[in-house]
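These numbers come from a predicted model, not from an experiment.
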Amino acid sequence: MVAESKGRQERRKIGKEIREKVPRESLAVWNPPADRRDPTQILIDQGADRVPDLVPVRYARMLSSEFAFYRGAAAIMASDLSYSANTHITVQMCGDAHLVNFGGYASPDRTFVFDVNDFDETLPGPFEFDLKRLVASFAVAARSSSFDEATRAPIIADVVRSYREAIQTFSQMDRMDVWYSRLTAADIEQQWGSDLSKKYRKAFEKNVAKAQTKTSERALQKLTTTAADGSTSFISNPPFMVPLDEVVDEASKDRYAHAVQSALVGYRRSLQSDRRVLFAGYRVVDLARKVVGVGSVGTRCWVMLLSADHDENDVLMLQLKQAVPSVYEQYVGRSRTSSHGQRVVEGQRVMQAASDILLGWTQINIRGTQDDFYVRQMWDWKESADVPAMDPTQLRVYAQMCGWPLARAHARSGDRVALAGYLGADDKLDTAMVAFAEAYADQNAKDYKAMQDAASAGRIEVAAKGW
(Lines give C-alpha, C1' and ligand atoms only; values in the text may rest on other atoms or scores of the structure.)
Protein backbone atom coordinates (compact mmCIF):
# COMPACT_ATOMS: atom_id res chain seq x y z
CA MET A 1 0.00 0.00 0.00
CA VAL A 2 1.31 3.45 -0.92
CA ALA A 3 2.18 5.56 2.12
CA GLU A 4 -0.12 8.49 2.80
CA SER A 5 1.24 11.79 1.51
CA LYS A 6 2.33 14.53 3.86
CA GLY A 7 -0.53 16.71 2.67
CA ARG A 8 -3.11 14.09 3.54
CA GLN A 9 -1.47 13.49 6.91
CA GLU A 10 -1.80 17.19 7.70
CA ARG A 11 -5.44 17.28 6.65
CA ARG A 12 -6.21 14.17 8.69
CA LYS A 13 -4.51 15.83 11.67
CA ILE A 14 -6.78 18.85 11.28
CA GLY A 15 -9.82 16.58 11.61
CA LYS A 16 -8.39 14.96 14.76
CA GLU A 17 -7.71 18.40 16.26
CA ILE A 18 -11.36 19.38 15.72
CA ARG A 19 -12.28 16.46 18.01
CA GLU A 20 -10.62 18.31 20.87
CA LYS A 21 -12.88 21.32 20.34
CA VAL A 22 -16.00 19.36 19.40
CA PRO A 23 -15.73 15.83 20.85
CA ARG A 24 -17.67 13.20 18.97
CA GLU A 25 -19.55 12.43 22.17
CA SER A 26 -20.90 16.00 22.17
CA LEU A 27 -22.91 15.21 19.04
CA ALA A 28 -25.07 12.89 21.15
CA VAL A 29 -26.54 15.78 23.10
CA TRP A 30 -30.01 17.17 22.50
CA ASN A 31 -31.16 19.50 25.25
CA PRO A 32 -33.86 21.88 23.99
CA PRO A 33 -33.07 25.40 25.20
CA ALA A 34 -35.52 27.35 27.31
CA ASP A 35 -36.06 29.80 24.45
CA ARG A 36 -36.59 27.10 21.81
CA ARG A 37 -38.82 28.38 19.01
CA ASP A 38 -42.42 27.16 18.98
CA PRO A 39 -42.40 24.33 16.42
CA THR A 40 -45.96 24.92 15.24
CA GLN A 41 -45.26 28.61 14.73
CA ILE A 42 -42.27 27.72 12.55
CA LEU A 43 -44.64 25.77 10.29
CA ILE A 44 -47.19 28.59 10.29
CA ASP A 45 -44.47 31.08 9.31
CA GLN A 46 -43.40 28.78 6.48
CA GLY A 47 -46.94 28.83 5.11
CA ALA A 48 -47.13 32.61 4.82
CA ASP A 49 -46.01 32.69 1.16
CA ARG A 50 -47.48 29.35 0.07
CA VAL A 51 -50.66 28.72 -1.88
CA PRO A 52 -53.25 29.41 0.85
CA ASP A 53 -55.70 26.64 -0.03
CA LEU A 54 -52.90 24.05 0.00
CA VAL A 55 -51.46 24.84 3.44
CA PRO A 56 -54.26 22.88 5.20
CA VAL A 57 -53.40 19.93 2.92
CA ARG A 58 -49.80 20.13 4.10
CA TYR A 59 -50.92 20.05 7.72
CA ALA A 60 -53.18 17.07 7.04
CA ARG A 61 -50.31 15.14 5.49
CA MET A 62 -47.99 15.95 8.37
CA LEU A 63 -50.58 14.92 10.95
CA SER A 64 -51.09 11.48 9.39
CA SER A 65 -48.24 10.02 11.51
CA GLU A 66 -45.19 10.96 13.57
CA PHE A 67 -42.97 10.02 10.65
CA ALA A 68 -44.97 12.13 8.19
CA PHE A 69 -44.62 15.00 10.64
CA TYR A 70 -40.86 14.47 10.75
CA ARG A 71 -40.68 14.52 6.95
CA GLY A 72 -42.36 17.91 6.86
CA ALA A 73 -40.47 19.38 9.81
CA ALA A 74 -37.10 20.19 8.21
CA ALA A 75 -37.46 23.83 9.26
CA ILE A 76 -38.03 22.81 12.87
CA MET A 77 -34.97 20.58 12.91
CA ALA A 78 -32.82 23.22 11.20
CA SER A 79 -33.70 25.58 14.03
CA ASP A 80 -32.90 22.90 16.61
CA LEU A 81 -29.57 22.00 15.01
CA SER A 82 -28.52 25.64 15.25
CA TYR A 83 -28.47 25.19 19.05
CA SER A 84 -26.25 22.10 18.82
CA ALA A 85 -22.50 21.51 18.69
CA ASN A 86 -21.01 22.44 15.31
CA THR A 87 -17.81 20.93 13.90
CA HIS A 88 -17.64 23.49 11.08
CA ILE A 89 -16.43 20.69 8.79
CA THR A 90 -18.25 22.05 5.77
CA VAL A 91 -19.79 19.95 2.99
CA GLN A 92 -22.60 20.48 0.50
CA MET A 93 -25.54 19.47 2.69
CA CYS A 94 -28.63 17.79 1.31
CA GLY A 95 -30.40 19.69 4.08
CA ASP A 96 -33.24 17.18 4.34
CA ALA A 97 -31.45 13.83 4.37
CA HIS A 98 -34.21 11.68 5.86
CA LEU A 99 -34.43 8.07 4.75
CA VAL A 100 -37.26 8.57 2.21
CA ASN A 101 -35.19 11.19 0.40
CA PHE A 102 -32.92 8.44 -0.88
CA GLY A 103 -33.92 6.29 -3.80
CA GLY A 104 -33.28 4.96 -7.26
CA TYR A 105 -33.40 6.74 -10.60
CA ALA A 106 -31.96 6.50 -14.10
CA SER A 107 -28.48 7.84 -14.75
CA PRO A 108 -27.80 9.40 -18.18
CA ASP A 109 -26.34 6.09 -19.36
CA ARG A 110 -29.63 4.39 -18.33
CA THR A 111 -28.20 2.58 -15.32
CA PHE A 112 -30.32 2.30 -12.17
CA VAL A 113 -28.46 4.14 -9.39
CA PHE A 114 -29.26 4.66 -5.71
CA ASP A 115 -28.51 8.09 -4.28
CA VAL A 116 -29.74 11.12 -2.37
CA ASN A 117 -32.64 12.48 -4.40
CA ASP A 118 -34.08 15.60 -2.73
CA PHE A 119 -32.24 18.92 -2.62
CA ASP A 120 -34.81 21.60 -1.81
CA GLU A 121 -32.84 22.58 1.32
CA THR A 122 -29.30 22.04 -0.03
CA LEU A 123 -26.64 24.47 1.17
CA PRO A 124 -23.03 24.31 2.35
CA GLY A 125 -22.94 23.49 6.06
CA PRO A 126 -21.58 21.13 8.73
CA PHE A 127 -21.62 17.45 7.76
CA GLU A 128 -23.27 16.37 11.01
CA PHE A 129 -26.48 18.30 10.26
CA ASP A 130 -27.18 15.87 7.40
CA LEU A 131 -26.10 12.85 9.42
CA LYS A 132 -28.29 13.83 12.37
CA ARG A 133 -31.29 14.36 10.10
CA LEU A 134 -30.72 10.89 8.65
CA VAL A 135 -30.21 8.94 11.88
CA ALA A 136 -33.18 10.58 13.57
CA SER A 137 -35.36 9.63 10.59
CA PHE A 138 -34.43 5.97 11.12
CA ALA A 139 -35.32 6.24 14.81
CA VAL A 140 -38.72 7.77 14.03
CA ALA A 141 -39.45 5.30 11.20
CA ALA A 142 -38.41 2.30 13.32
CA ARG A 143 -40.70 3.48 16.13
CA SER A 144 -43.54 3.78 13.63
CA SER A 145 -42.93 0.10 12.80
CA SER A 146 -43.08 -0.75 16.53
CA PHE A 147 -39.44 -1.84 16.72
CA ASP A 148 -38.21 -1.72 20.31
CA GLU A 149 -35.12 0.21 21.40
CA ALA A 150 -32.86 -2.86 21.33
CA THR A 151 -33.87 -3.46 17.71
CA ARG A 152 -33.54 0.20 16.71
CA ALA A 153 -30.04 0.77 18.09
CA PRO A 154 -28.06 -1.42 15.64
CA ILE A 155 -30.10 -0.08 12.71
CA ILE A 156 -29.23 3.52 13.60
CA ALA A 157 -25.61 2.61 14.37
CA ASP A 158 -25.29 0.98 10.95
CA VAL A 159 -26.20 4.26 9.23
CA VAL A 160 -23.25 5.92 10.93
CA ARG A 161 -20.87 2.96 10.54
CA SER A 162 -21.61 2.78 6.82
CA TYR A 163 -21.09 6.53 6.47
CA ARG A 164 -17.91 6.52 8.56
CA GLU A 165 -16.30 3.56 6.81
CA ALA A 166 -17.18 4.97 3.39
CA ILE A 167 -15.57 8.30 4.30
CA GLN A 168 -12.43 6.46 5.40
CA THR A 169 -12.35 4.67 2.03
CA PHE A 170 -12.93 7.87 0.07
CA SER A 171 -10.19 9.62 2.07
CA GLN A 172 -7.67 7.18 0.56
CA MET A 173 -8.92 7.61 -3.00
CA ASP A 174 -7.88 10.10 -5.65
CA ARG A 175 -10.33 12.95 -6.15
CA MET A 176 -11.43 11.83 -9.63
CA ASP A 177 -12.10 8.30 -8.38
CA VAL A 178 -14.38 9.69 -5.66
CA TRP A 179 -16.36 11.59 -8.27
CA TYR A 180 -16.73 8.52 -10.47
CA SER A 181 -18.03 6.39 -7.56
CA ARG A 182 -21.70 5.44 -7.58
CA LEU A 183 -24.06 2.80 -6.19
CA THR A 184 -25.88 0.80 -8.87
CA ALA A 185 -28.43 -1.98 -8.53
CA ALA A 186 -25.67 -4.49 -9.28
CA ASP A 187 -23.48 -2.97 -6.54
CA ILE A 188 -26.33 -3.23 -4.04
CA GLU A 189 -26.91 -6.91 -4.82
CA GLN A 190 -23.20 -7.66 -4.62
CA GLN A 191 -22.61 -5.80 -1.34
CA TRP A 192 -25.80 -6.54 0.58
CA GLY A 193 -27.52 -9.38 -1.24
CA SER A 194 -26.06 -12.02 1.08
CA ASP A 195 -27.65 -10.26 4.07
CA LEU A 196 -31.13 -10.77 2.63
CA SER A 197 -33.13 -13.89 1.97
CA LYS A 198 -33.90 -15.03 -1.57
CA LYS A 199 -37.41 -13.65 -1.10
CA TYR A 200 -36.14 -10.15 -0.36
CA ARG A 201 -33.61 -10.19 -3.18
CA LYS A 202 -36.39 -11.03 -5.60
CA ALA A 203 -38.46 -8.18 -4.15
CA PHE A 204 -35.55 -5.80 -4.76
CA GLU A 205 -35.17 -6.98 -8.34
CA LYS A 206 -38.91 -6.53 -8.82
CA ASN A 207 -38.74 -2.95 -7.50
CA VAL A 208 -35.89 -2.13 -9.89
CA ALA A 209 -37.89 -3.55 -12.80
CA LYS A 210 -40.92 -1.54 -11.68
CA ALA A 211 -38.84 1.64 -11.52
CA GLN A 212 -37.73 1.15 -15.11
CA THR A 213 -41.36 1.42 -16.22
CA LYS A 214 -41.74 4.86 -14.62
CA THR A 215 -41.22 7.06 -17.64
CA SER A 216 -42.88 10.06 -19.26
CA GLU A 217 -45.08 7.63 -21.19
CA ARG A 218 -46.28 6.07 -17.93
CA ALA A 219 -46.92 9.51 -16.43
CA LEU A 220 -48.91 10.35 -19.55
CA GLN A 221 -51.17 7.33 -18.96
CA LYS A 222 -51.68 8.15 -15.28
CA LEU A 223 -52.02 11.93 -15.30
CA THR A 224 -53.72 12.83 -18.59
CA THR A 225 -56.89 12.20 -20.53
CA THR A 226 -57.58 12.18 -24.26
CA ALA A 227 -60.57 14.04 -25.68
CA ALA A 228 -62.73 12.89 -28.57
CA ASP A 229 -60.78 15.15 -30.96
CA GLY A 230 -57.54 13.41 -29.96
CA SER A 231 -56.14 16.27 -27.88
CA THR A 232 -54.40 15.38 -24.61
CA SER A 233 -54.72 17.32 -21.36
CA PHE A 234 -54.09 16.81 -17.67
CA ILE A 235 -56.87 15.32 -15.57
CA SER A 236 -58.62 17.51 -13.02
CA ASN A 237 -58.50 16.37 -9.39
CA PRO A 238 -58.49 19.52 -7.26
CA PRO A 239 -56.69 20.49 -5.17
CA PHE A 240 -54.10 17.78 -5.92
CA MET A 241 -54.07 18.21 -9.72
CA VAL A 242 -55.53 21.32 -11.33
CA PRO A 243 -55.11 21.99 -15.08
CA LEU A 244 -54.00 25.50 -16.05
CA ASP A 245 -57.41 26.36 -17.51
CA GLU A 246 -58.92 25.89 -14.04
CA VAL A 247 -56.20 27.83 -12.24
CA VAL A 248 -56.49 31.02 -14.27
CA ASP A 249 -59.45 32.98 -15.57
CA GLU A 250 -59.90 33.97 -19.20
CA ALA A 251 -58.52 37.45 -18.64
CA SER A 252 -55.25 36.08 -17.23
CA LYS A 253 -54.51 33.41 -19.82
CA ASP A 254 -52.36 35.60 -22.06
CA ARG A 255 -50.31 36.77 -19.07
CA TYR A 256 -49.75 33.17 -17.96
CA ALA A 257 -48.83 32.06 -21.47
CA HIS A 258 -46.26 34.85 -21.73
CA ALA A 259 -44.84 33.99 -18.28
CA VAL A 260 -44.49 30.32 -19.22
CA GLN A 261 -42.71 31.13 -22.50
CA SER A 262 -40.32 33.48 -20.69
CA ALA A 263 -39.68 30.81 -18.08
CA LEU A 264 -38.82 28.24 -20.75
CA VAL A 265 -36.33 30.64 -22.31
CA GLY A 266 -34.62 30.99 -18.94
CA TYR A 267 -34.71 27.23 -18.42
CA ARG A 268 -33.05 26.56 -21.78
CA ARG A 269 -30.21 28.90 -20.82
CA SER A 270 -29.53 26.85 -17.68
CA LEU A 271 -29.02 23.65 -19.69
CA GLN A 272 -25.77 22.48 -21.21
CA SER A 273 -25.55 23.33 -24.92
CA ASP A 274 -26.18 19.78 -26.19
CA ARG A 275 -29.27 19.49 -23.99
CA ARG A 276 -30.62 22.75 -25.33
CA VAL A 277 -30.62 21.06 -28.72
CA LEU A 278 -32.50 18.10 -27.25
CA PHE A 279 -35.09 20.29 -25.51
CA ALA A 280 -35.59 22.48 -28.58
CA GLY A 281 -37.26 19.53 -30.29
CA TYR A 282 -40.28 19.62 -27.95
CA ARG A 283 -43.34 21.84 -27.74
CA VAL A 284 -45.66 22.48 -24.79
CA VAL A 285 -48.99 20.62 -24.86
CA ASP A 286 -50.47 21.29 -21.41
CA LEU A 287 -49.67 22.52 -17.90
CA ALA A 288 -51.17 21.74 -14.50
CA ARG A 289 -50.59 22.61 -10.86
CA LYS A 290 -49.78 19.50 -8.82
CA VAL A 291 -49.39 18.85 -5.10
CA VAL A 292 -46.24 16.89 -4.26
CA GLY A 293 -44.49 15.57 -1.15
CA VAL A 294 -45.19 16.49 2.47
CA GLY A 295 -42.98 19.43 3.42
CA SER A 296 -43.26 20.93 -0.07
CA VAL A 297 -47.06 21.10 -0.12
CA GLY A 298 -48.16 24.66 -0.67
CA THR A 299 -45.12 25.69 -2.66
CA ARG A 300 -45.93 26.22 -6.31
CA CYS A 301 -45.39 23.10 -8.35
CA TRP A 302 -46.37 22.49 -11.97
CA VAL A 303 -46.22 19.54 -14.31
CA MET A 304 -45.70 20.21 -18.00
CA LEU A 305 -46.55 17.88 -20.86
CA LEU A 306 -44.51 18.29 -24.01
CA SER A 307 -44.42 16.37 -27.27
CA ALA A 308 -41.71 16.10 -29.88
CA ASP A 309 -42.09 18.10 -33.06
CA HIS A 310 -44.03 16.14 -35.71
CA ASP A 311 -44.67 13.21 -33.33
CA GLU A 312 -47.38 13.68 -30.69
CA ASN A 313 -46.72 10.17 -29.34
CA ASP A 314 -43.14 11.08 -28.42
CA VAL A 315 -43.77 12.76 -25.05
CA LEU A 316 -41.79 14.35 -22.25
CA MET A 317 -43.13 15.14 -18.78
CA LEU A 318 -41.37 17.83 -16.76
CA GLN A 319 -41.88 19.01 -13.20
CA LEU A 320 -41.36 22.68 -12.36
CA LYS A 321 -41.01 23.02 -8.60
CA GLN A 322 -40.74 26.28 -6.71
CA ALA A 323 -37.46 26.77 -4.89
CA VAL A 324 -37.65 28.94 -1.78
CA PRO A 325 -34.83 29.84 0.63
CA SER A 326 -33.26 26.84 2.35
CA VAL A 327 -34.42 26.39 5.94
CA TYR A 328 -30.73 26.53 6.92
CA GLU A 329 -29.91 29.93 5.44
CA GLN A 330 -30.57 31.90 8.60
CA TYR A 331 -28.23 29.60 10.53
CA VAL A 332 -25.30 28.84 8.19
CA GLY A 333 -25.40 31.75 5.74
CA ARG A 334 -27.25 32.72 2.58
CA SER A 335 -26.79 30.97 -0.73
CA ARG A 336 -24.27 32.54 -3.10
CA THR A 337 -26.28 31.62 -6.19
CA SER A 338 -28.37 34.18 -8.04
CA SER A 339 -31.59 32.19 -7.52
CA HIS A 340 -32.83 29.36 -5.34
CA GLY A 341 -33.57 27.24 -8.39
CA GLN A 342 -29.89 27.51 -9.29
CA ARG A 343 -28.99 26.71 -5.65
CA VAL A 344 -30.98 23.47 -5.79
CA VAL A 345 -29.64 22.41 -9.18
CA GLU A 346 -26.00 23.16 -8.44
CA GLY A 347 -26.23 21.45 -5.05
CA GLN A 348 -27.77 18.39 -6.67
CA ARG A 349 -25.09 18.23 -9.35
CA VAL A 350 -22.36 18.37 -6.69
CA MET A 351 -23.89 15.71 -4.47
CA GLN A 352 -25.27 13.15 -6.91
CA ALA A 353 -23.17 10.63 -8.80
CA ALA A 354 -25.21 11.44 -11.90
CA SER A 355 -28.09 13.84 -12.38
CA ASP A 356 -31.06 14.19 -14.72
CA ILE A 357 -29.84 15.47 -18.10
CA LEU A 358 -32.74 17.96 -18.20
CA LEU A 359 -32.15 19.33 -14.70
CA GLY A 360 -32.20 23.11 -14.84
CA TRP A 361 -33.66 26.24 -13.30
CA THR A 362 -35.71 29.28 -14.21
CA GLN A 363 -37.91 32.06 -12.85
CA ILE A 364 -41.61 32.64 -13.39
CA ASN A 365 -43.26 36.02 -12.97
CA ILE A 366 -46.98 35.45 -12.55
CA ARG A 367 -47.73 37.04 -9.18
CA GLY A 368 -45.89 40.27 -9.91
CA THR A 369 -42.73 38.81 -8.36
CA GLN A 370 -40.02 36.55 -9.73
CA ASP A 371 -40.54 33.09 -8.22
CA ASP A 372 -37.58 30.72 -8.48
CA PHE A 373 -38.11 27.21 -9.87
CA TYR A 374 -36.04 24.19 -10.71
CA VAL A 375 -36.99 21.82 -13.51
CA ARG A 376 -36.52 18.07 -13.86
CA GLN A 377 -38.06 15.07 -15.58
CA MET A 378 -41.24 13.93 -13.88
CA TRP A 379 -40.24 10.31 -13.08
CA ASP A 380 -37.41 8.81 -15.13
CA TRP A 381 -37.19 5.51 -13.21
CA LYS A 382 -37.57 7.23 -9.84
CA GLU A 383 -38.32 4.76 -7.05
CA SER A 384 -38.43 5.11 -3.25
CA ALA A 385 -38.21 2.37 -0.66
CA ASP A 386 -41.38 1.08 1.02
CA VAL A 387 -40.06 1.71 4.53
CA PRO A 388 -43.20 0.69 6.50
CA ALA A 389 -43.07 -2.74 4.84
CA MET A 390 -39.49 -3.41 5.99
CA ASP A 391 -38.64 -5.81 8.79
CA PRO A 392 -35.60 -5.10 11.05
CA THR A 393 -33.18 -6.95 8.76
CA GLN A 394 -34.32 -5.05 5.67
CA LEU A 395 -34.26 -1.71 7.47
CA ARG A 396 -30.74 -2.42 8.71
CA VAL A 397 -29.53 -3.13 5.18
CA TYR A 398 -31.32 -0.01 3.96
CA ALA A 399 -29.56 1.98 6.71
CA GLN A 400 -26.19 0.90 5.33
CA MET A 401 -27.31 1.70 1.80
CA CYS A 402 -28.23 5.27 2.80
CA GLY A 403 -25.01 5.88 4.72
CA TRP A 404 -22.82 5.17 1.69
CA PRO A 405 -24.18 7.72 -0.85
CA LEU A 406 -24.40 10.43 1.81
CA ALA A 407 -20.72 9.83 2.57
CA ARG A 408 -19.87 9.90 -1.15
CA ALA A 409 -21.78 13.17 -1.58
CA HIS A 410 -19.96 14.76 1.35
CA ALA A 411 -16.60 13.41 0.14
CA ARG A 412 -17.15 15.10 -3.24
CA SER A 413 -17.85 18.52 -1.78
CA GLY A 414 -15.88 18.72 1.48
CA ASP A 415 -12.42 17.88 2.80
CA ARG A 416 -12.87 14.12 2.94
CA VAL A 417 -9.48 13.56 4.59
CA ALA A 418 -10.10 16.00 7.44
CA LEU A 419 -13.57 14.54 7.84
CA ALA A 420 -12.08 11.03 8.05
CA GLY A 421 -9.67 12.28 10.70
CA TYR A 422 -12.57 13.59 12.76
CA LEU A 423 -14.75 10.48 12.38
CA GLY A 424 -11.97 8.04 13.36
CA ALA A 425 -11.93 4.28 13.08
CA ASP A 426 -13.75 3.38 16.31
CA ASP A 427 -17.48 3.43 17.03
CA LYS A 428 -17.64 6.52 19.28
CA LEU A 429 -19.55 8.54 16.71
CA ASP A 430 -21.89 5.61 16.04
CA THR A 431 -22.80 5.41 19.72
CA ALA A 432 -23.22 9.18 19.99
CA MET A 433 -25.53 9.35 17.01
CA VAL A 434 -27.73 6.53 18.34
CA ALA A 435 -28.22 8.56 21.52
CA PHE A 436 -28.99 11.71 19.53
CA ALA A 437 -31.43 9.91 17.23
CA GLU A 438 -33.44 8.53 20.13
CA ALA A 439 -33.47 11.86 21.97
CA TYR A 440 -34.60 13.71 18.88
CA ALA A 441 -37.25 11.11 18.10
CA ASP A 442 -38.65 11.90 21.57
CA GLN A 443 -38.63 15.59 20.66
CA ASN A 444 -40.35 14.85 17.35
CA ALA A 445 -43.13 13.00 19.20
CA LYS A 446 -43.67 16.01 21.48
CA ASP A 447 -43.75 18.41 18.52
CA TYR A 448 -46.21 16.16 16.69
CA LYS A 449 -48.47 16.23 19.76
CA ALA A 450 -48.15 20.02 19.89
CA MET A 451 -49.31 20.23 16.28
CA GLN A 452 -52.26 17.95 17.04
CA ASP A 453 -53.18 20.25 19.94
CA ALA A 454 -52.86 23.29 17.67
CA ALA A 455 -55.26 21.67 15.20
CA SER A 456 -57.75 20.77 17.95
CA ALA A 457 -57.63 24.33 19.28
CA GLY A 458 -58.27 25.80 15.83
CA ARG A 459 -54.86 27.47 15.68
CA ILE A 460 -54.21 25.81 12.34
CA GLU A 461 -56.69 24.70 9.69
CA VAL A 462 -56.33 21.07 8.61
CA ALA A 463 -57.85 19.69 5.41
CA ALA A 464 -60.20 16.75 5.68
CA LYS A 465 -58.04 14.86 3.16
CA GLY A 466 -54.30 15.07 2.76
CA TRP A 467 -53.52 12.23 0.36
Inset, instruction - Establish, from distance only, whether the side-chain atoms of Gln319 and Trp302 form a donor-acceptor pair under 3.5 Å. - result: no
Inset, instruction - Inspect the contact between Lys21 and Glu17 and indicate whether a charged nitrogen and a carboxylate oxygen are less than 4.0 angstrom apart. - result: no
Inset, instruction - Can you establish whether the number of heavy atoms outside Arg255 located under 6.0 Å from its atom CZ is more than 12? - result: yes
Legend entry - His410 side chain to Tyr163 side chain, donor-acceptor N/O pair below 3.5 angstrom: yes
Inset, instruction - Please list, chain by chain and in numerical order, all residues satisfying salt bridge (charged side-chain N to carboxylate O under 4.0 Å, His left out) with Asp53, sequence neighbours excluded. - result: Arg289
Inset, instruction - Can you tell me which residue pairs pass the salt bridge (Lys or Arg N to Asp or Glu O under 4.0 Å) test with a partner in residues 387-406, sequence neighbours excluded? - result: Asp158-Arg396
Legend entry - Selection residues 8-49 - residue pairs positive for ring-ring contact (aromatic ring centres under 6.0 Å, His included), sequence neighbours left out: Trp30-Tyr440
Inset, instruction - Consider only side-chain N and O atoms of Gln363 and Ser339, and report whether a donor and an acceptor are under 3.5 Å apart. - result: no
Legend entry - Pair Asn365-Asp371, side chain to side chain contact (heavy atoms under 4.5 Å, CB included): steps then yes or no: CA-CA 6 Å; Asn365 186 347; Asp371 291 326; over 6 Å; no
Legend entry - Short N-O contact, Asp372 and Arg343, less than 4.0 angstrom: no
Inset, instruction - For the pair Glu438 and Arg143, find out whether any cationic side-chain nitrogen is under 4.0 Å from an anionic carboxylate oxygen. - result: yes
Legend entry - Arg8 bridged to Asp174 by N-O distance under 4.0 Å: yes
Legend entry - Ser236 and Glu246 side chains, donor-acceptor separation under 3.5 Å: yes
Pairs under 3.5 angstrom only: tabulate donor-acceptor contacts from the side chains of residues 453-461 to other protein residues two or more places apart or in another chain.
{"from": "Asp453", "atom 1": "OD1", "to": "Lys449", "atom 2": "NZ", "distance (Å)": "2.9"}
{"from": "Asp453", "atom 1": "OD2", "to": "Lys449", "atom 2": "NZ", "distance (Å)": "3.1"}
{"from": "Ser456", "atom 1": "OG", "to": "Gln452", "atom 2": "O", "distance (Å)": "3.1"}
{"from": "Arg459", "atom 1": "NH1", "to": "Asp38", "atom 2": "OD2", "distance (Å)": "3.1"}
{"from": "Arg459", "atom 1": "NH2", "to": "Asp38", "atom 2": "OD2", "distance (Å)": "2.6"}
{"from": "Arg459", "atom 1": "NH2", "to": "Gln41", "atom 2": "OE1", "distance (Å)": "3.1"}

Legend entry - Worked check of side chain to side chain contact (heavy atoms under 4.5 Å, CB included) between Ser79 and Gln330: CA-CA 9 Å; Ser79 174; Gln330 59 186 302; over 6 Å; no
Inset, instruction - Taking only Lys NZ, Arg NE, NH1 and NH2, and the carboxylate oxygens of Asp or Glu, determine whether Arg161 and Asp427 approach each other closer than 4.0 Å. - result: no
Legend entry - Side chains of Gln352 and Ser355, donor plus acceptor under 3.5 Å: yes
Inset, instruction - Verify whether one side chain among Gln46 and Arg58 offers a donor that lies under 3.5 Å from an acceptor in the other. - result: yes
Legend entry - Modelled atom types, side-chain donor and acceptor of Asp120 and Ser296, under 3.5 Å: yes
Legend entry - Arg36 and Asp447: CA distance, side-chain angles, deciding distance, salt bridge (charged side-chain N to carboxylate O under 4.0 Å, His left out) verdict: CA-CA 12 Å; Arg36 180 178 184 252; Asp447 294 347; 2.7 Å; yes
Legend entry - All salt bridge (charged side-chain N to carboxylate O under 4.0 Å, His left out) counterparts of Arg182, not counting sequence neighbours: Asp109
Legend entry - Distance under 6.0 Å and angle within 45° of ring axis: Lys214 vs Trp379: yes
Inset, instruction - Please collect all salt bridge (Lys or Arg N to Asp or Glu O under 4.0 Å) contacts where either partner lies in residues 125-137, sequence neighbours excluded, each pair once. - result: Asp96-Arg133
